[in-house]
Each structure stands twice: as structure tokens, then as C-alpha cells.
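In what follows, a structure is listed as C-alpha cells, so that the remarks can point back to it.
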Amino acid sequence: MPTEKEIVLSGIRATGNLHLGNYYGALRNFVKMQEDYDCNYFIADLHALTTTPDPKMLHENVRNILAEYLAAGVDPDKATIFVQSDVPEVSEMYLLLNMHVGIGELLRTASFKDKARKQLGLNPNDESEDIERQIVGSDSNKRVNAGLLTYPTLMAVDILIQKARKVPVGKDQEQHLELTRRFARRFNSFYNVDLFPEPENFNFGSASVKVPGLDGSGKMGKSEGNCIYLVDDEKVLRKKVMRAVTDQGPQEPGSPISEPVENLLTLMALTSGPEVVQQYRDAYADCSIRYGDLKKQLAEDILKVTTPIRERYLDIRSDDEYLAKVVRQGAEKARERASRTLEEVRKAMGIIKFY
Ligand code: TYM
């Protein structure tokens, strides 16, 4: 008897183009997983509204990410590709699941605190600010929106409504996955049902990935302005890499590698492979390293990954008919399972129709 394929689900917010962090943290795995799993990939347009509601840009951003999924090799004949808002069952279940989510646990989520600090105009690095007091005291002009607070509920619903077990995401999403597992257990035990499996992060071959930025510290992120985008053209890309922060060079043999250089080597490990990285580590250790060479090699190897994606992206992005076909077909499939799960959730909660 054929065994059923395990269900995979992941999404990316529609907030701009995809960078190397999105690619190595998520998209590359999307493509690899579609061979062996029942894969469901979506574009999180509702999640984008929690930070950047912009009616002029939202649809463009959805289109960009859809075209980037396809250009990177996600195949609509193998995986279900859809737009989050095309599955209205998600919004209903979000309301229902929120009845089982504590405000306290949402307020304690690291990503919420970071983004709330930004929305309130506080220093994002100042952990000492009493963020909860600031939120309660904030006036309606400078507010933290409730959608941001309940971001993890919506993400949990994306996953649970498809009953996914595997979720390919980067390291920064681990806390959200932990909350998803907690909500699943809580729902199952409160209603004494066995509706939701507990999903886990998935990354081919290793622990979850955190791709660093080019600015010497921290992760690559759209709001950090330290990104290499999959669709950057060759000139822009080379310039960004050549300008990446390094250090003054090793002062004596065997010096520990500084954070900015370590970050470039991390990028290199992803794009160029372990032998090349070792060569530069050895050169650092014996003080013969030349950052110009390292950066040239890094730019070259990144371009090998991004150029074919960029070329396909430029073709696909304006093909309205094809894009519409992909997401129409995807929404139909995604809604099938979502509506079944929603029915089960309603029933468990005692929402029963008279007619
Ligand atoms: P988003 O758009 O913030 O990130 C999309 C994916 O890219 C990964 N990522 C990174 N991975 C490694 N290094 C980095 N520097 C880096 N930057 C971003 C993120 O981990 C993520 O996998 N909340 C999700 C969107 C979402 C979702 C879901 C994901 C909504 N519902 C359900 C999975 C399942 C997010 O962070 O998107």
C-alpha cells in the first residue's frame, strides 16, 4: 500500500523581494522537498499587513514572491502554491484559535518585542525599555497593532489548518514554531481531540540556518538594509559584496577570526562550499588573506546561484496568465484541506449549524 507523503508547509511574507537569507533559510529547501513530500508553499500577504500595510505595493510584492518561488524552481505540478488571503478558512480559524492563546505569551515573543519597539519609535537594541508599559501607555497615533501581537496565532493557523508536520524555515522562526506546537497540544487536549500533529522545523542536512548580513553583524534582513537580493543585477551585486564590512586583517598568526569576516565565511560556506572556506580560513590563520580576493570569489559564487533565478524571474514576472493559473489551482487545493480542518475545529468547539 502506498504510504501517504508527509505534509510540508511554509510561507514568506509579501514585503519585497527575496534575499539570500530567505533563499538559504527557506526557499532552497522548498525546492528540494517537493520531490519527496506533500508540499504547500504560500505567500503570506496577511502577515505583511502587520508591518507594512501599503495597498499600492501589496499586490506587487505578492507577484514578486510568487515569481521568485517559480524562478527558483518550485514546481506547481509538484507543490501547491497559493496566496494566503485566497484561503479565507485561515482567517476564520485565526479568530477561533485566538480564543486559546494568551496575551502574555504573545507579548513575550521576541519578534513581537522587536517589531513593537520599531512601531513605537524606540531604540530597537535597547532591551531595557519596559515594552509592555509603553504599549499600554501608547496613544492611538503611535500604536502597536493587534495584528502584530497575534502574528504567531496566524502563523500557527497556516500550519495547523493544513496539518503540516514539517516546516522549512530559518532559525529566526523557531520561537513561532514552538508556539505552534504549544497551541496544537493545547487545542487537542482542551477538546480531547487528536486534530493537530506537532510540526517541526526542517532543513536539509543540518540545523536551521541563519544567514548573516553584509554589514558586519546580525542576520540578513530587509529592514536591516544589509541584503543581497536574488534579483540584484550583476553590477549591483558585485558592488554590495565588495563593500561588505571586514576588519583590518589578522594582526598575528592564529588570531581569532572577527565577526564580520566570520560572517562572510558563513555566506561562502553556503555558496562556495567547505573547501573554499577552508582555504580562506588557512589564509587568515597565516596572515596571507586578501579580502579583495575573498570578496571577488564570493560575488562570483553568489552570482552562479542567483543569475539563473534572476533570468527566469524576469520572464515569469510579467506572465499574468501563468501566474493566475498557478495560484488559482493552488488555492483550490489548499482550500480543500483547510475547509475540512476548519469543519473539524468548529465541531470540536461546539459551533454547530441549525440548518
Ligand atoms: P519572513 O518573510 O520573515 O521570512 C521568510 C523565510 O526566510 C527566512 N529568513 C532567514 N533564514 C535564514 N537567515 C536569514 N537571515 C533569514 N531571513 C529570513 C525565515 O526564517 C523564513 O523561513 N513568519 C514567516 C512567514 C510565515 C510562515 C507561516 C512560515 C507565515 N506563516 C507558516 C512558515 C509557516 C516569516 O518569517 O516570513
Side-chain angles (χ1 to χ4, degrees), residues 7-31 33 39-52 61-62 64-66 68-69 72 74 80 82-85 87 90-91 93-94 97 109-112 114-115 147-148 150-181 183-184 199-204 206-215 217-230 263 266-267 269-271 334 338:
I7 301 171
V8 169
L9 176 119
S10 193
I12 298 186
R13 278 176 308 145
T15 52
N17 282 111
L18 300 186
H19 52 70
L20 287 183
N22 301 132
Y23 182 73
Y24 286 106
L27 188 53
R28 186 174 62 153
N29 288 312
F30 292 9
V31 178
M33 292 180 93
C39 289
N40 301 268
Y41 302 128
F42 69 100
I43 297 130
D45 55 346
L46 299 177
H47 274 106
L49 297 174
T50 61
T51 49
T52 43
N61 287 336
V62 172
N64 288 346
I65 297 193
L66 174 58
E68 283 168 321
Y69 279 4
V74 180
T80 301
F82 62 100
V83 181
Q84 189 180 29
S85 61
V87 182
V90 164
S91 300
M93 187 170 146
Y94 162 65
L97 188 64
T109 310
S111 58
F112 170 72
D114 282 354
K115 289 186 174 139
L148 186 64
T150 53
Y151 184 116
T153 315
L154 182 57
M155 175 158 166
V157 168
D158 293 326
I159 298 167
L160 299 179
I161 207 165
Q162 299 294 342
K163 301 198 179 178
R165 284 180 189 275
K166 292 205 161 27
V167 182
V169 282
K171 199 171 172 52
D172 59 323
Q173 296 298 307
E174 265 168 7
Q175 195 179 19
H176 289 152
L177 272 186
E178 188 52 53
L179 283 170
T180 305
R181 285 191 285 274
F183 300 159
E200 55 184 51
N201 191 352
F202 186 85
N203 179 47
F204 264 97
S206 65
S208 51
V209 175
K210 177 182 159 189
V211 178
L214 296 174
D215 51 353
S217 67
K219 67 164 190 159
M220 187 173 286
K222 280 170 212 162
S223 47
E224 280 75 21
N226 60 4
C227 294
I228 293 177
Y229 291 98
L230 295 179
N263 284 352
T266 302
L267 273 175
L270 291 164
T271 54

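Computed from heavy atoms alone, side chains included, the values below leave out hydrogens, waters and symmetry copies. The residues of the chain are indexed from 1 along the displayed sequence. Whatever order the structure lists ligands and atoms in, that order sets their numbers, starting from 1.
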Got a list of side-chain donor-acceptor pairs under 3.5 Å for residues 155-169, not counting sequence neighbours?
residue: Asp158; atom: OD1; partner: Gln84; partner atom: NE2; Å: 3.1
residue: Asp158; atom: OD2; partner: Gln84; partner atom: NE2; Å: 3.2
residue: Gln162; atom: OE1; partner: Arg337; partner atom: NE; Å: 3.3
residue: Gln162; atom: NE2; partner: Ala334; partner atom: O; Å: 3.1
residue: Lys163; atom: NZ; partner: Glu344; partner atom: OE1; Å: 2.7
residue: Lys166; atom: NZ; partner: Glu6; partner atom: OE1; Å: 3.1
residue: Lys166; atom: NZ; partner: Glu6; partner atom: OE2; Å: 3.4

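Applying the salt bridge (Lys or Arg N to Asp or Glu O under 4.0 Å) rule to pairs touching residues 14-26 yields nothing, sequence neighbours excluded.
Counted by atom type alone, Asn17 and Glu68 present one or more donor-acceptor pairs between their side chains at under 3.5 Å.
For the pair Val74 and Leu27, the minimum side-chain heavy-atom distance is below 4.5 Å. Side-chain contact between Leu267 and Val211 is present, with heavy atoms from C-beta onward closer than 4.5 Å.
Using a 4.0 Å heavy-atom criterion, the residues that approach ligand 1 are Leu9, Ser10, Gly11, Ile12, Arg13, His19, Gly21, Asn22, Gly25, Ala26, Phe42, His47, Tyr151, Met155, Asp158, Ile159, Val167, Val169, Gly170, Asp172, Gln173, Val209, Lys210, Val211, Lys219, Met220.
By the ring pair (Phe, Tyr, Trp, His ring centres under 6.0 Å) test, His47 pairs with Tyr151, sequence neighbours left out.
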